[in-house]
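Values below: every heavy atom of this structure, side chains too, minus hydrogens, waters and symmetry copies.
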2 protein chains.
Amino acid sequence: MAKPTNSVNAGQNGSRVTIRDVAKQSGFSSSTVSIVLNDAPLARYVPKVTKDRIEATAKKLGYRPNLFARSLRSHRTRTMGVLVFDMSDPFCTPIIQGIEDSLYQKSYLPILTDVQNERSRFESYLGMLLGLRVEGLIVLGNWLFMDVDVLSDLAKNRIPTVMIGHELKKGPVSTVIVDNEAGSRLAIEHLFSLGHREIAFIRGPKGLGDSIPRWRGVKKFADASDLVLDPDRIVDLPESQHPMTGFEAGYELTKRLLDSRQRFTAIMAFDDMSALGAIRALLAAGINVPQQCSVIGFDDVAPASLCTPALTTIRQPMSTMGAMSVSIALEAIKAEHESKPFPALHRRLAPELVVRDSTAPLNGFVSSARPLGESRRVVLETADI
Amino acid sequence: MAKPTNSVNAGQNGSRVTIRDVAKQSGFSSSTVSIVLNDAPLARYVPKVTKDRIEATAKKLGYRPNLFARSLRSHRTRTMGVLVFDMSDPFCTPIIQGIEDSLYQKSYLPILTDVQNERSRFESYLGMLLGLRVEGLIVLGNWLFMDVDVLSDLAKNRIPTVMIGHELKKGPVSTVIVDNEAGSRLAIEHLFSLGHREIAFIRGPKGLGDSIPRWRGVKKFADASDLVLDPDRIVDLPESQHPMTGFEAGYELTKRLLDSRQRFTAIMAFDDMSALGAIRALLAAGINVPQQCSVIGFDDVAPASLCTPALTTIRQPMSTMGAMSVSIALEAIKAEHESKPFPALHRRLAPELVVRDSTAPLNGFVSSARPLGESRRVVLETADI
DNA sequence: TCCCGAAGTTCGATTTAAATG
DNA sequence: GCATTTAAATCGAACTTCGGG
């Protein structure tokens, strides 16, 4: 093994400059160097000339403290593990940015891994993160069929953990989700207020946690109004590993609805992907959106606003969800350090309706219409549970 | 400071179980435990009963070696720093996945940071990564106006570095880019072969490295054929920090072209974002795509295939670019370890034409048309430079 | 000498207690 | 005794060396 030369390698190999190199070069001991560079309490007694000399040589050599050595000593790493189930889901990006922004402000380093819906990767990355002694863990279970025993693993490891996008009512894991029921209620209300009564529904896969509350929102609204839910106009997305297949499924299911000659004037899709698939099927059949059929999605992922017609949808407050998960995790870490108990928190954030160009009043229906191209946002208050 | 109890805390706080805890519990010394768990050469002499007992207690306690301690000793971290300039750019995601996949196979851990086009974040994250002693660095400079002195910083730190999406001809940094000129040639050839002669161009921002070679491809093709490039049909995207503004700019520029009553039967956009903006402007003006006007993009980001009409575009081999950058970085790391020189490598990958629904033959022009909805891919060979 | 296991040293930074003038 | 500075212990794992049977 080649022994690294810790001699006078002035700045030529900055990444391996140690505190001792700085000490030797400046003529002081490593203790003094450490005290000065960290502005430790004892630095009060160090005269300015010494400080200046040490700081100058540290800079000259390009000294960077080895975080491994420091963490080993201090038992703190200032890192947060982030496990994402599928980064290619456009839903993730804004959440991740929200997480990064918050962590950056607290000078925490996110260790971000994409498990790509593979159980083996999940376990492997989790192992690495635990080995790295991340102080907390944020799990982004956006499109999740894996039955997560994060619980058992994490309970055993006592790492403050927050899960986004997937509700876990029990256990020590905090959760941050969108209020799916309120969201789907916003969507159906919007279509209803535009005069639509014959509405087709593309529901979510049965195995996905979001599917149930979103459908509940629709049912409750129907019960409370004169809206009829015709089973022949209701279809379900298949279970799938990948969120992108929602697009194709939305396309196929809509084609099938059209082929079966069901009458409908609007489609409420489970998410934006399936909504975009539905739009393609409609346009392919020569049906104009929104003039002949309205379409509404859920999520407000990036492509939703880029397509034409721009998609009316229910927006999840993704960046806020990321930020909130960080603040919960940091609180839990703090509690852990003070040996205080920290009961799992469960936050459910309010979605908002974003009205764009894929929905329009039913022919002849009078409503608060608006010129095409403008986008309107209806915001609800955030509700904690 | 609360001193962590390193006593017999059987599994209750797995993340802080040390090798000594395992030693105490199993009745052997930490040396033996280390030898057994790492299956070191000396493990040959350890009897099976000892091994079993050690492995059992390690599992029972949920022992995980502290990677900080290990790295400190071994001078290896098996981590790779990844600096992304803007994760919200859909162009990034597939590249990141390519990087992750390759690193995962080599059991390297990516440390992925999003500098969000802020110089201060770049420096801050770079500092953290160097402090973490990442073995290599991959920089994803997708939408880059910052004048990168990655060079000076990294040269000083002697860290093997690969840059994706931004060419740096000199210096120790290897680069991986797409062959922009070949790509734009594919695009213009495609439009030309469909019969288009009156073509509008939305060029890239002047300050962006990709803009020049892409335009060169067009000019060379025009020179070699009877295509005329009318300056009145050429517009430039403005400089901008954010790739998403390309959409709005594409929309505005196209509207302006239409307002100026320029004649054109096709638009060649700088990238997919501006192409999607162009499509919206065309449709808003009542011009059908592709029947009355074809549109072609560049990149093949996710939204391109989700929109209707699906976008014909030039695909960058993003996942390959990610994988290639990893393999270069790992080679450089290996060379570094063997104290061999490693001259910077510069790879230029071939793009491919993906024909979808936003381009069509000019009215009455005979060409190798194909039924709508099918997508065709034309692949070039990869060329190294 | 062979086998098995344990002490002791090392990595780089921090911190306590102690030493110097 | 005071103002400065430093030796030495420490963190957790790995590995070399050493000792007892």
Item to check | Five-pair end axes of the helix from C:dC2-D:dG21 to C:dG21-D:dC2 and the angle they enclose, rounded to 10° | outcome: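 End axes: 80° apart.
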Checklist outcome for this item: Residues at least two apart in sequence or cross-chain that pass ring pair (Phe, Tyr, Trp, His ring centres under 6.0 Å) with B:Tyr125, listed by chain then number, are A:Tyr104
Checklist outcome for this item: Residues passing the ring pair (Phe, Tyr, Trp, His ring centres under 6.0 Å) test with A:Phe68, sequence neighbours excluded, are B:Phe68
Whole angstroms only, please: what is the [atom1]-[atom2] distance between [X] and [N]?
| X | N | atom1 | atom2 | value |
| --- | --- | --- | --- | --- |
| B:Arg76 | C:dG12 | CZ | C1' | 19 Å |
| A:Leu72 | C:dC11 | CG | C1' | 9 Å |
| A:Phe68 | D:dG12 | CZ | C1' | 13 Å |
| A:Ile35 | D:dT4 | CD1 | P | 13 Å |
| B:Ile19 | D:dC15 | CD1 | P | 11 Å |
| A:Ile54 | C:dT14 | CD1 | P | 13 Å |
| A:Lys48 | D:dT4 | NZ | P | 14 Å |

Show the atom names and distances, to 0.1 Å, of all donor-acceptor pairs under 3.5 Å that link a side chain in residues 27-39 of chain B to residues at least two apart or in another chain.
{"from": "B:Ser29", "atom 1": "OG", "to": "B:Ser31", "atom 2": "N", "distance (Å)": "3.4"}
{"from": "B:Ser29", "atom 1": "OG", "to": "B:Thr32", "atom 2": "N", "distance (Å)": "3.4"}
{"from": "B:Ser29", "atom 1": "OG", "to": "B:Thr32", "atom 2": "OG1", "distance (Å)": "3.1"}
{"from": "B:Ser34", "atom 1": "OG", "to": "B:Asn38", "atom 2": "ND2", "distance (Å)": "3.4"}
{"from": "B:Asn38", "atom 1": "ND2", "to": "B:Ser34", "atom 2": "O", "distance (Å)": "2.9"}

My understanding is that only residues two or more places apart in sequence, or in another chain, count here; which of them pass side-chain hydrogen bond (donor to acceptor under 3.5 Å, both in side chains) with [X]?
| X | answer |
| --- | --- |
| B:Arg78 | none |
| B:Arg73 | none |
| A:Gln105 | none |
| A:Thr113 | none |

Checklist entry - With sugar-phosphate meaning primed atoms plus P, OP1 and OP2, does A:Thr50 contact a base, only sugar-phosphate, or nothing at under 4.0 Å between heavy atoms? => result sugar-phosphate
Checklist entry - Under 4.0 angstrom, heavy atoms only, what part of the nucleic acid is B:Phe28 near: base, sugar-phosphate, or nothing? => result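 It contacts sugar-phosphate atoms only.
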Item to check | Side-chain N or O of B:Thr32 closer than 4.0 Å to phosphate OP1/OP2 of C:dG5 | outcome: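 For C:dG5, OP1/OP2 do not have a side-chain N/O of B:Thr32 under 4.0 Å.
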Checklist entry - Mind checking what makes salt bridge (charged side-chain N to carboxylate O under 4.0 Å, His left out) contact with B:Arg121, not counting sequence neighbours? => result A:Asp101, B:Glu118
Item to check | Residues forming a salt bridge (charged side-chain N to carboxylate O under 4.0 Å, His left out) with B:Arg53, sequence neighbours excluded | outcome: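 Testing B:Arg53 for salt bridge (charged side-chain N to carboxylate O under 4.0 Å, His left out), a comparison that skips the adjacent residues, returns none.
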Using atom names, set out every protein N or O paired with an N or O of nucleotides 7-10 of chain C below 3.5 Å, distance rounded to 0.1 Å.
{"from": "C:dA7", "atom 1": "N7", "to": "B:Ser31", "atom 2": "OG", "distance (Å)": "3.1"}
{"from": "C:dA7", "atom 1": "N6", "to": "B:Ser31", "atom 2": "OG", "distance (Å)": "3.2"}
{"from": "C:dT10", "atom 1": "O2", "to": "B:Arg73", "atom 2": "NE", "distance (Å)": "3.1"}
{"from": "C:dT10", "atom 1": "O2", "to": "B:Arg73", "atom 2": "NH1", "distance (Å)": "3.0"}

Item to check | Electrostatic pair B:Glu123-B:Arg119, nearest N-O below 4.0 angstrom | outcome: yes
Item to check | Near-strand residues of residues 36-46 of chain A, defined as heavy-atom separation under 4.0 angstrom from DNA chain D | outcome: A:Tyr45, A:Val46
